[in-house]
Amino acid sequence: MLDIERIRNDPEGVRQNLARRRNELYLKQFTELLAIDRDWRKAQQDASDLRRQRNAIAREFSEAKKAGKATDGLARQAEAIPAQLTELEAREAVFEARRRELLMALPNLLDDSVPYGKDDTENQVAREWGERREAPKDLPPHGEFLESHQMGDFERARKVSGAGFYYLEGPMVLLDMAVQRFAMDLLVRKGFTPVIPPYMLRRAPYEGVTDLADFENVMYRIEGEDLYLIATSEHPIAALFMGEILEEDRLPLRWAGISPCFRKEIGGHGVDQKGAFRVHQFHKIEQFVFCQPEDSPRIHEELLSNAEEFLQRLGLAYRVVNVCTGDLGVVAAKKYDIEGWFPRQKQYRELVSCSNCTDYQARRLGIRTGKQGKPGKGVPHTLNSTMVATPRTLVALVESFATEDGRIGIPEVLRPYLGGLHELPAPVAR
RNA sequence: GCUGAGGUAGCCUAGUCCGGUAAGGCGCUGGCCUUGAAAGCCAGUGGCGCAAGCCUCGGGAGUUCAAAUCUCCCCCUCAGCGCCA
């Protein structure tokens, strides 16, 4: 949610920023918001003028009564007020509701360093790291590879749950856990606090953390309950301090979330291939930070470099892209994606998304900053970044470290988590 | 799911039966005092508004000149019971 003060003080600056998103709707909504805000304040004024009259009469009434004087005259004076007030308040409520609707619909302001572009094809490559490996000639798609080695079952997952679900089996499960544990350990060493959040959220906190369109397109809802399966642990962690005041001296707060993530994504490209790349359910280790506004650009880079370090230590080649205006979501002011190199597909594909949401989420959630028991007027910034998402990252590992004879090398840093195992499929011990 | 108790300002609490416009404490800020600090004492300390003023007692509706207080509906939390990995 945008800061209404800022909108009132610098409407043209805000409009120009919104215009960079090249979405006519936002500009229309913004124009309407300016008008509605004025109408709302006027309606508020009218209603409070009438309340002042009412209160004055009520006070006189009270005093007259205490003094034992007659109150009939006062009662007659006040007779008409409640009905008038009801009308004025109804008017005020209409404006207020629309004003809130518009405020909730408008996206975050873009950081100046976000490049202009129409869609994800125009994201700006910031840098590349690592050797782009080549896949062995006969390497099958990872789905087939996993099925043929009894490390996954996508056919039966479709039978019982539908496309986009999977059974991961055997050593792949251990690899999945190893990758997560390695990522978590790395973050803990950097001072992040591990957190297992709720996997479902109520609507109210959820509206604070995400684009309202996600309720239609992304989130699964529990039937008959006010609960949604989380699409990422970013969401429950952001909502953690809803309505609270954060102690300034204790910022920044760094969290390392671990959770499954559930996504419908019918608004996206659908589930586009067999396997474990684009799925309705996955696991993610997430970085999340609450900080003072002046620190967020620096911490944004820090989160990015944590995710890069993780990929470097696995030996996975990647590139960092600065996500352009046309591909940036509603909530972020600036976003980097890290795209891993997938040797069999011969292309970079998204593994990490690293966003600075500035004060947008915090304001929607009613989170403020304050000092030693004093409620402050400050609003913290929030940032989030993938550390690792599985099984997608496992697909990158499979494609990157597959050998000619159909085995998969295990990066050295993961071996301690796998009892020293060097490659998959492991010799079966019975 | 059932029964009961609750939701009041940054935090804790009183007020609710019996309607009259949020009391007190903690914390915080300033002042007095002190070599300094603590203690003690005094004052200030929710939101909006240029201001007069208005709003704020979980949310909404109603009764009333007037609602934290009365009526109705809803939400949430806790405790006990039930169920349960």
Side-chain angles (χ1 to χ4, degrees), chain A residues 1-9 11 33-34 36-104 196 198-208 221-228 236 239-251 253 259-260 290 292 359 362-380:
Chain A
M1 191 157 74
L2 301 181
D3 181 4
I4 191 69
E5 297 277 327
R6 178 162 178 185
I7 291 173
R8 287 171 188 160
N9 293 336
L33 175 64
L34 289 176
I36 286 280
D37 186 50
R38 272 192 298 272
D39 293 346
W40 173 65
R41 295 172 89 183
K42 175 70 170 59
Q44 235 182 356
Q45 190 62 248
D46 294 346
S48 78
D49 284 345
L50 192 57
R51 277 191 214 104
R52 189 184 61 217
Q53 282 182 45
R54 181 200 63 189
N55 291 348
I57 293 172
R59 260 190 300 273
E60 278 184 64
F61 199 102
S62 177
E63 275 160 33
K65 221 166 172 194
K66 268 186 227 156
K69 294 186 195 153
T71 54
D72 302 9
L74 286 167
R76 227 172 302 117
Q77 259 186 66
E79 221 168 15
I81 292 183
Q84 283 174 34
L85 193 58
T86 301
E87 204 183 309
L88 285 175
E89 281 173 342
R91 193 176 143 77
E92 182 187 343
V94 168
F95 288 135
E96 187 180 1
R98 182 59 182 159
R99 175 181 176 273
R100 181 175 166 75
E101 215 172 275
L102 290 165
L103 267 172
M104 289 297 279
I196 296 175
Y199 298 159
M200 300 179 208
L201 285 183
R202 291 190 182 130
R203 174 114 192 176
Y206 227 136
E207 285 186 350
R221 180 178 184 172
I222 305 298
E223 188 180 352
E225 311 250 352
D226 178 25
L227 284 173
Y228 296 81
L240 176 59
F241 296 116
M242 176 172 71
E244 296 191 34
I245 292 165
L246 301 181
E247 191 71 38
E248 285 174 16
D249 296 340
R250 298 190 55 195
L251 299 177
L253 298 174
S259 83
F290 297 91
Q292 292 282 50
D359 59 3
R363 183 168 285 110
R364 282 165 87 109
L365 288 163
I367 303 174
R368 289 167 295 165
T369 57
K371 254 190 133 161
Q372 294 168 316
K374 277 203 300 185
K377 294 192 84 175
V379 178

Enquirer: Partners of D359(A) by side chain to side chain donor-acceptor pair (under 3.5 Å), sequence neighbours excluded?
Expert: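 So D359(A) forms a side chain to side chain donor-acceptor pair (under 3.5 Å) with R363(A).
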Enquirer: Start with the C-alpha distance between L246(A) and R368(A), add both sets of side-chain angles, then the distance that settles side-chain contact (heavy atoms from CB on, under 4.5 Å), and finish with yes or no.
Expert: CA-CA 6 Å; L246(A) 301 181; R368(A) 289 167 295 165; over 6 Å; no
Enquirer: Please report the distance, rounded to the nearest Å, between CG in L88(A) and P in C55(B).
Expert: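 Value for this atom pair: 13 Å.
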Enquirer: Please enumerate all residues that pass side chain to side chain donor-acceptor pair (under 3.5 Å) together with E207(A), with sequence neighbours excluded.
Expert: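 R203(A).
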Enquirer: Measure the CD1-CZ distance between I36(A) and R99(A) for me, rounded to the nearest 0.5 Å.
Expert: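 Here the interatomic distance stands at 10.0 Å.
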Enquirer: What residues, two or more places apart in sequence or in another chain, satisfy ring-ring contact (aromatic ring centres under 6.0 Å, His included) together with F241(A)?
Expert: F290(A)
Enquirer: Please give, in whole Å, the distance from A52(B) P to R52(A) CZ?
Expert: 11 Å
Enquirer: Expressed as a whole number of Å, how far does the C1' atom of C17(B) sit from that of C12(B)?
Expert: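 Between the two C1' atoms, the distance is 24 Å.
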Enquirer: When the C1' atoms of C65(B) and G60(B) are considered, how many whole Å apart are they?
Expert: 23 Å
Enquirer: Could you list all N or O pairs between the protein and nucleotides 16-19 of chain B that sit under 3.5 Å apart?
Expert:
none

Enquirer: Closest approach of P205(A) and A239(A), non-hydrogen atoms and distance?
Expert: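 That closest heavy-atom pairing would be CB-CB, 3.9 Å.
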Enquirer: What's the gap between U16(B) and G6(B) when it is taken at their P atoms, as a whole Å value?
Expert: 13 Å
Enquirer: Name the stems with RNA chain B in them: runs of three or more consecutive Watson-Crick or G-U pairs, distances under 3.5 Å?
Expert: B:1-7 with B:75-81, B:10-12 with B:24-26, B:27-32 with B:40-45, B:46-48 with B:53-55, B:58-62 with B:70-74
Enquirer: Strictly under 4.0 angstrom, non-hydrogen atoms only: write out the protein contact profile of nucleotides 45-51 of chain B, one letter per nucleotide from the 5' end, B, S or -.
Expert: ---SS-B
Enquirer: At what distance, to the nearest 0.5 angstrom, does CD of E63(A) lie from CG of L74(A)?
Expert: 10.5 Å
Enquirer: Separation of E248(A) atom CD from U29(B) atom C1', in whole Å?
Expert: 15 Å
Enquirer: Looking at D49(A) and R52(A), does any basic side-chain N land under 4.0 Å from a carboxylate oxygen?
Expert: yes
Enquirer: Counting only heavy atoms not in I222(A) (residues, nucleotides, ligands), do more than 12 fall under 6.0 Å from its CD1?
Expert: yes
Enquirer: Please state whether the phosphate of C55(B), meaning OP1 or OP2, lies under 4.0 angstrom from any side-chain nitrogen or oxygen of N55(A).
Expert: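 Answer yes for this pair, as a side-chain N or O of N55(A) is under 4.0 Å from OP1 or OP2.
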Enquirer: Between A22(B) and U71(B), how far is it from one P atom to the other, in whole Å?
Expert: 22 Å
Enquirer: Listed by chain and number, what are the ring-ring contact (aromatic ring centres under 6.0 Å, His included) partners of Y206(A), not counting sequence neighbours?
Expert: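 For Y206(A) the ring-ring contact (aromatic ring centres under 6.0 Å, His included) partners, ignoring immediate neighbours, are F215(A), H235(A).
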Enquirer: Would you check if T369(A) and I245(A) make a side-chain contact, meaning some heavy-atom pair closer than 4.5 Å?
Expert: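 No; the side chains remain at least 4.5 Å from each other.
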Enquirer: Mind calculating the distance between CG (D49(A)) and P (C55(B)) to the nearest angstrom?
Expert: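 Distance, rounded to whole Å: 11 Å.
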Enquirer: Expressed as a whole number of Å, how far does the C1' atom of C48(B) sit from that of U64(B)?
Expert: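 My reading of the C1' atoms in C48(B) and U64(B) gives 27 Å.
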Enquirer: Within the sub-3.5 Å range, which N or O atoms of nucleotides 73-76 of chain B have a protein N or O partner, and how far apart are they?
Expert:
| residue | atom | partner | partner atom | Å |
| --- | --- | --- | --- | --- |
| C76(B) | O3' | R202(A) | NH1 | 3.4 |
| C76(B) | O3' | R202(A) | NH2 | 3.0 |

Enquirer: Tell me the interatomic distance from K371(A), atom NZ, to C28(B), atom P, rounded to whole angstroms.
Expert: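 Distance check: K371(A) NZ to C28(B) P gives 12 Å.
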Enquirer: Can you name the salt bridge (charged side-chain N to carboxylate O under 4.0 Å, His left out) partners of R364(A), sequence neighbours left out?
Expert: none
Enquirer: For E96(A), which residues count as a salt bridge (charged side-chain N to carboxylate O under 4.0 Å, His left out) partner, sequence neighbours excluded?
Expert: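 Not a single residue meets the salt bridge (charged side-chain N to carboxylate O under 4.0 Å, His left out) criterion with E96(A).
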Enquirer: Given the C1' atoms of C26(B) and U21(B), what is the spacing between them in whole Å?
Expert: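 So the two C1' atoms sit 26 Å from each other.
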Enquirer: P atom, C18(B) versus G25(B): distance in rounded Å?
Expert: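 Each nucleotide's P atom is 30 Å from the other's.
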Enquirer: Using the P atoms only, state how far A38(B) lies from C28(B), rounded to an integer number of Å.
Expert: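 It works out to 10 Å between them.
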Enquirer: Between CG of L33(A) and CZ of R38(A), what distance do you get to the nearest 0.5 Å?
Expert: 10.0 Å
Enquirer: Indicate yes or no: at least one non-hydrogen side-chain atom of L227(A) is less than 4.5 angstrom from one of R202(A).
Expert: yes
Enquirer: side-chain contact (heavy atoms from CB on, under 4.5 Å), that's the test. Do V379(A) and I367(A) meet it? Break it down for me.
Expert: CA-CA 6 Å; V379(A) 178; I367(A) 303 174; over 6 Å; no
Enquirer: In whole Å, I'd like the distance from the CE atom of M242(A) to the C1' atom of G10(B).
Expert: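 These atoms are roughly 17 Å apart.
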Enquirer: Can you check the E89(A) CD to C54(B) C1' distance for me, whole Å?
Expert: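 So the CD-C1' distance, E89(A) to C54(B), works out to 11 Å.
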Enquirer: Show me, pair by pair, the donor-acceptor contacts under 3.5 angstrom made by side chains of residues 83-93 of chain A, not counting sequence neighbours?
Expert:
| residue | atom | partner | partner atom | Å |
| --- | --- | --- | --- | --- |
| T86(A) | OG1 | P82(A) | O | 2.8 |
| E89(A) | OE2 | R51(A) | NE | 3.2 |
| E89(A) | OE2 | R51(A) | NH2 | 3.2 |

Enquirer: Which atom pairs link the protein and nucleotides 61-72 of chain B when you take only N or O atoms and keep those under 3.5 Å?
Expert:
none

